[in-house]
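The chains referred to below are lettered A, B, ... by the order of the sequence lines, with proteins before strands, and numbering in each begins at 1. Note that the coordinates shown come from a computational prediction; the quantities given were computed from them, not determined experimentally. Below, all heavy atoms of this structure are taken into account, side chains as well, without hydrogens, waters or symmetry copies.
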There are 2 protein chains.
Amino acid sequence: MSPICFEFFFQITLSELKKSLFLLDKHIENMFSKACEYAIRATIFIAKESMKGKRSNLTEISKAITSPIAFTAKILQTLVKHKIIFSIKGARGGFEMLPQTINTLSLKHLVVVIDDDYSTTACIIGLNKCSSENPCPLHEQYESIRTDLSKMLEETKIIQLIEKESFKIGNHLF
Amino acid sequence: MSPICFEFFFQITLSELKKSLFLLDKHIENMFSKACEYAIRATIFIAKESMKGKRSNLTEISKAITSPIAFTAKILQTLVKHKIIFSIKGARGGFEMLPQTINTLSLKHLVVVIDDDYSTTACIIGLNKCSSENPCPLHEQYESIRTDLSKMLEETKIIQLIEKESFKIGNHLF
DNA sequence: AATAAATGGGACAAACTTGTCCGATAAAAA
DNA sequence: TTTTTATCGGACAAGTTTGTCCCATTTATT
């Protein structure tokens, strides 16, 4: 990001300015990485359009899901590589998803593809010797939450996510 | 990290080497940042020692909880600033925790202090217009998990974590 | 055939998190 | 009083994630 300059007096980056004005989101609970968030949002969008027989292009997708376009392009490339979606190059090209994939793809699979791995058994405080035989002090409290989360990610398929009423961002539906 | 050199033939960083040898942990579900993990582990350790009337110093702490010593020092400084622990400088110095704090401090409080903020209401796929009135496609599936997690973090006090049997790392107890 | 509209892919840059280093400061012990 | 053992705090370095840019490639349209 280019520095904002005020005539030799001082020079700060945009993010430093935002931070000092309390305009930056601080750290919040991140269940997923940004890349995963965008991947899930994009997949839902593409799946919906595909069900309507429409092909989606990068510009449409990134506008609909409010994500940075070039970064989204990278993520879509990964999804193509893993055959979660497929792409058509050239004019009138774009991305589509097969009904078969929409019906069977789990959230967990999607996340694993983007983040390389996704353990739902890791210790909440990062102890690698932690297990049910040698539980960390937080093990018991976290166990059922972890199980629920893992189950949810494995059992939720894309089809379930697109059957709902459309989510509204401003005027348009997503 | 200093590059590993093999006599002019090639030069890579340690992490690149590890990555190519599949020795690096890939992305796993991170409920907390590393800083938070260390903070929680350190707090549990200091609390336990304090209950035994013992003062803990930085070296002991970082060995016990297997964390990088200088980074841990920074984290402890933050905890001191927020009066979660207190420090004594100089020889025989170290860190201690008041019984009052041990009995009342919640995990949530600890996490908020380290990470500045910790929302347990954020949308799982990062949509800021997401709410129960305008739920995102994943809202329903995630709601109960989020609630359980939030409740757990708020209700769990340090005292509960140190009442359990000690967690074993290798030979010694933590 | 030329042009326009797309995706593909590599290099690079910015921002954030994680981690190190070193000197200042404080207090106990010698 | 000097030395030793600690924390404190600032600067900086490394690593990861997030994001941008640019050009090559592919395909439809004119």
Asker: Picking from B:N30, B:I75, B:V111, what satisfies side-chain contact (heavy atoms from CB on, under 4.5 Å) with B:C36?
Answerer: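 Exactly one option meets the side-chain contact (heavy atoms from CB on, under 4.5 Å) with B:C36, and it is B:V111.
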
Asker: Does anything in residues 39-78 of chain A form a ring-ring contact (aromatic ring centres under 6.0 Å, His included)? List the pairs, not counting sequence neighbours.
Answerer: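 Listed once each, the pairs are A:Y38-A:F71.
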
Asker: The test is side-chain contact (heavy atoms from CB on, under 4.5 Å); show your working for A:V112 and A:K108 and say whether it passes.
Answerer: CA-CA 6 Å; A:V112 166; A:K108 166 112 183 194; 4.3 Å; yes

Asker: Output a table of nitrogen or oxygen pairs between the protein and nucleotides 25-30 of chain C separated by less than 3.5 Å.
Answerer:
none

Asker: side-chain contact (heavy atoms from CB on, under 4.5 Å) between A:F174 and A:I44: does it pass, once the steps are laid out?
Answerer: CA-CA 9 Å; A:F174 149 58; A:I44 293 173; 4.3 Å; yes

Asker: List, with names and distances, any nitrogen or oxygen atoms from the protein found under 3.5 Å away from nitrogen or oxygen atoms belonging to nucleotides 19-23 of chain D.
Answerer:
unit_1	atom_1	unit_2	atom_2	d
D:dG19	OP2	A:Y38	OH	3.1

Asker: Give the rounded distance in Å between these two atoms: CG of B:D115 and P of C:dC16.
Answerer: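 Value for this atom pair: 14 Å.
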
Asker: Rounded to the nearest 0.5 Å, how far apart are CG of A:L127 and NE2 of A:H139?
Answerer: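 Taking CG in A:L127 and NE2 in A:H139, the distance rounds to 11.0 Å.
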
Asker: Examine the side chains of A:S150 and A:T120 and answer whether a donor and an acceptor come within less than 3.5 Å of each other.
Answerer: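 Checked: A:S150/A:T120 side chains pair up, N/O donor to acceptor below 3.5 Å.
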
Asker: Same cluster for A:I88 and A:F95 if Ile/Leu/Val/Met/Phe/Trp/Tyr side chains link at under 4.5 Å?
Answerer: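 They do not share one cluster, since no chain of ILVMFWY contacts under 4.5 Å joins A:I88 to A:F95.
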
Asker: My understanding is that only residues two or more places apart in sequence, or in another chain, count here; which of them pass side chain to side chain donor-acceptor pair (under 3.5 Å) with A:K54?
Answerer: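 Testing A:K54 for side chain to side chain donor-acceptor pair (under 3.5 Å), a comparison that skips the adjacent residues, returns none.
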
Asker: Please give, in whole Å, the distance from D:dT7 P to B:K81 NZ?
Answerer: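 Result: 16 Å.
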
Asker: Go through it in stages, so that I can follow the logic: the residues are A:M31 and B:I145, the test is side-chain contact (heavy atoms from CB on, under 4.5 Å), and I'd like the CA-CA distance, side-chain angles, deciding distance and then a yes or no.
Answerer: CA-CA 11 Å; A:M31 186 59 55; B:I145 294 171; 5.6 Å; no

Asker: Would you mind telling me which of C:dG8, D:dT18, D:dG9 lies closest to the side-chain atoms of A:Q77?
Answerer: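 Nearest to the side-chain atoms of A:Q77, counting from C-beta on, is C:dG8.
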
Asker: Is the distance from OP1 or OP2 of D:dA6 to the nearest side-chain N or O of B:S87 less than 4.0 Å?
Answerer: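 No.
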
Asker: Among residues 42-61 of chain A, which residues get a heavy atom nearer than 4.0 Å to DNA chain C?
Answerer: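 DNA chain C contact set from residues 42-61 of chain A: A:N57, A:L58.
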
Asker: Can you pull out how bent the helix from C:dA1-D:dT30 to C:dA30-D:dT1 is, comparing the axes over its first five and last five pairs, to 10°?
Answerer: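 One end's axis against the other's: 10°.
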
Asker: Rounded to whole Å, how long is the line connecting atom CG of B:N30 with atom P of D:dG15?
Answerer: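 Those two atoms, CG and P, are 18 Å apart.
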
Asker: Would you mind checking if A:E60 and A:K63 are paired as a salt bridge, meaning a charged N to carboxylate O distance below 4.0 Å?
Answerer: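 The answer is no: the pair does not qualify as a salt bridge.
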
Asker: With side chains defined as the heavy atoms from C-beta onward, is the minimum distance between A:M152 and A:L107 less than 4.5 Å?
Answerer: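 Counting from C-beta outward, A:M152 and A:L107 do come under 4.5 Å.
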
Asker: Rounded to the nearest 0.5 Å, what separation is found between the CG atom of A:D148 and the CZ atom of B:R146?
Answerer: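 The CG atom of A:D148 sits 14.0 Å away from the CZ atom of B:R146.
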
Asker: Measure the distance from CG on B:L79 to C1' on D:dC8 and round it to the nearest whole Å.
Answerer: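 For the pair B:L79 CG and D:dC8 C1', the rounded distance is 14 Å.
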
Asker: I'd like to check A:Q141 versus B:L161 (side-chain heavy atoms, cut-off strictly below 4.5 Å). Are they in contact?
Answerer: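 Yes, side chains in contact.
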
Asker: Rounded to the nearest angstrom, tell me the gap between atom CD1 in A:I75 and atom C1' in D:dT17.
Answerer: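 Between C1' of D:dT17 and CD1 of A:I75: 11 Å.
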
